[in-house]
Amino acid sequence: MATLEQVEKLRDRANVSYDEAKEALKASNDDLLEALIYLEKQGKVHTPEGGGYYSSEKGESQSTAQASGFEGKTNDRGESFSDVLKRFGRFCTNVIHKGNTNTFQVLKGNESKAVFPVTVLVLLLVFAFWISLPLIVIGLFFGFRYRFVGPELGTEAVNHAMDSAANAAESLKNSISEQSK
């Protein structure tokens with residue numbers, strides 16, 4: 001079923017009524033390019049300079065956009081490939097912004113030893129997993145504590161979990177030292 005966004009895009013490109021746009025989309029299985037070809041064959045759309053939206057060679061309709069790649073293709077929600085890329089770009093920008101506004105702190109007692117953005121922590125964990133994760137765990141046994149500070153990650157629940165891990169490491173260290181005496 002054609003979405004309102006598809007109907008409006010077709011109306012803008014073909015300068016036809018809502019009914020004509022909806023009928024063309026229905027006849028072309030909600031494919032915008034095929035709907036333009038359909039309207040062009042009916043004479044409701046003027047052929048652009050340099051040829052039309054279709055080629056009559058061998059009796060087949062082959063669009064120039066289909067021959068060249070992604071143009072005119074839509075997904076299940078009626079978005080083109082470029083719309084999906086723009087949405088993905090906005091998502092990545094938002095995630096990076098949140099990672100840069102929240103920080104990861106390394107504390108020894110009440111003194112802050114290191115502070116860096118969460119984006120750096122994530123990059124370290126992704127690209128240097130076998131180095132960074134063991135260093136974080138070893139740091140727990142040497143009395144380091146970790147905290148997240150910021151609008152999204154600086155909540156008590158997150159930092160309580162970090163403190164629980166530090167307390168567990170401290171109690172494990174104490175029980176090992178008591179057994180060795």
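- Distance CG/Leu33 to CG/Leu10: 10.5 Å, rounded to 0.5 Å.
- Distance check, rounded to the nearest 0.5 Å: OG of Ser171 to CD of Glu178 gives 10.0 Å.
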For this session: Quick one: do Lys98 and Asn94 satisfy side chain to side chain contact (heavy atoms under 4.5 Å, CB included)? Show the steps, please.
Result: CA-CA 6 Å; Lys98 285 183 180 183; Asn94 189 24; 3.8 Å; yes
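- Residues Phe81 and Phe91 do not share a hydrophobic cluster, defined by chaining ILVMFWY side chains whose heavy atoms lie under 4.5 Å apart.
- Put simply, the side chain of Gln105 never gets that close to the backbone of Val149: no donor and acceptor are under 3.5 Å apart.
- A distance of 9.5 Å separates CG of Asn15 from CD of Glu20, quoted to the nearest 0.5 Å.
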For this session: Walk me through it: do Asn110 and Arg145 pass the test side-chain hydrogen bond (donor to acceptor under 3.5 Å, both in side chains)?
Result: CA-CA 9 Å; Asn110 290 332; Arg145 291 188 175 262; over 6 Å; no
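- Atom CZ of Arg87 and atom SG of Cys92 lie 11.5 Å apart (nearest 0.5 Å).
- Annotation: side chain of Asp163 is in contact with side chain of Arg147 (closest heavy-atom distance under 4.5 Å).
- Nearest heavy atom pair, residue Leu32 against residue Gln6, reads CD2-O, 3.4 Å.
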Solution key, residues 133-144 side-chain donor-acceptor pairs under 3.5 Å, sequence neighbours excluded:
none

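- Applying the 6.0 Å contact sphere to CD1 of Ile131 captures no more than 12 heavy atoms from other residues, nucleotides or ligands.
- No chain of hydrophobic side-chain contacts below 4.5 Å, direct or via other Ile, Leu, Val, Met, Phe, Trp or Tyr residues, connects Met162 to Leu107.
- For the pair Gln42/Leu39, a side-chain contact is recorded, criterion being any heavy-atom separation below 4.5 Å from C-beta on.
- Rounding to the nearest 0.5 angstrom, the gap separating the CZ atom in Arg11 from the CG atom in Leu4 is 10.0 Å.
- Around the NZ atom of Lys86, the shell of radius 6.0 Å holds no more than 12 heavy atoms that belong to other residues, nucleotides or ligands.
- Heavy atoms from other residues, nucleotides or ligands lying under 6.0 Å from NZ of Lys173 number more than 12.
- Phe116 and Phe104 have tilted rings, their planes meeting at an angle from 30° to 60° on a 0 to 90° scale.
- Applying the side chain to side chain donor-acceptor pair (under 3.5 Å) rule to Thr101 yields no partners; only residues at least two apart in sequence or on another chain are considered.
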Throw together a table of side-chain donor-acceptor distances under 3.5 angstrom for residues 117-127, partners on residues two or more places apart or in other chains.
unit_1	atom_1	unit_2	atom_2	d
Thr119	OG1	Gly99	O	3.4
Thr119	OG1	Asn100	N	3.4
Thr119	OG1	Asn100	OD1	2.9

For this session: With side chain to side chain contact (heavy atoms under 4.5 Å, CB included) as the test, would you mind laying out the steps for Lys22 and Val16 before giving the verdict?
Result: CA-CA 10 Å; Lys22 185 177 177 184; Val16 293; over 6 Å; no
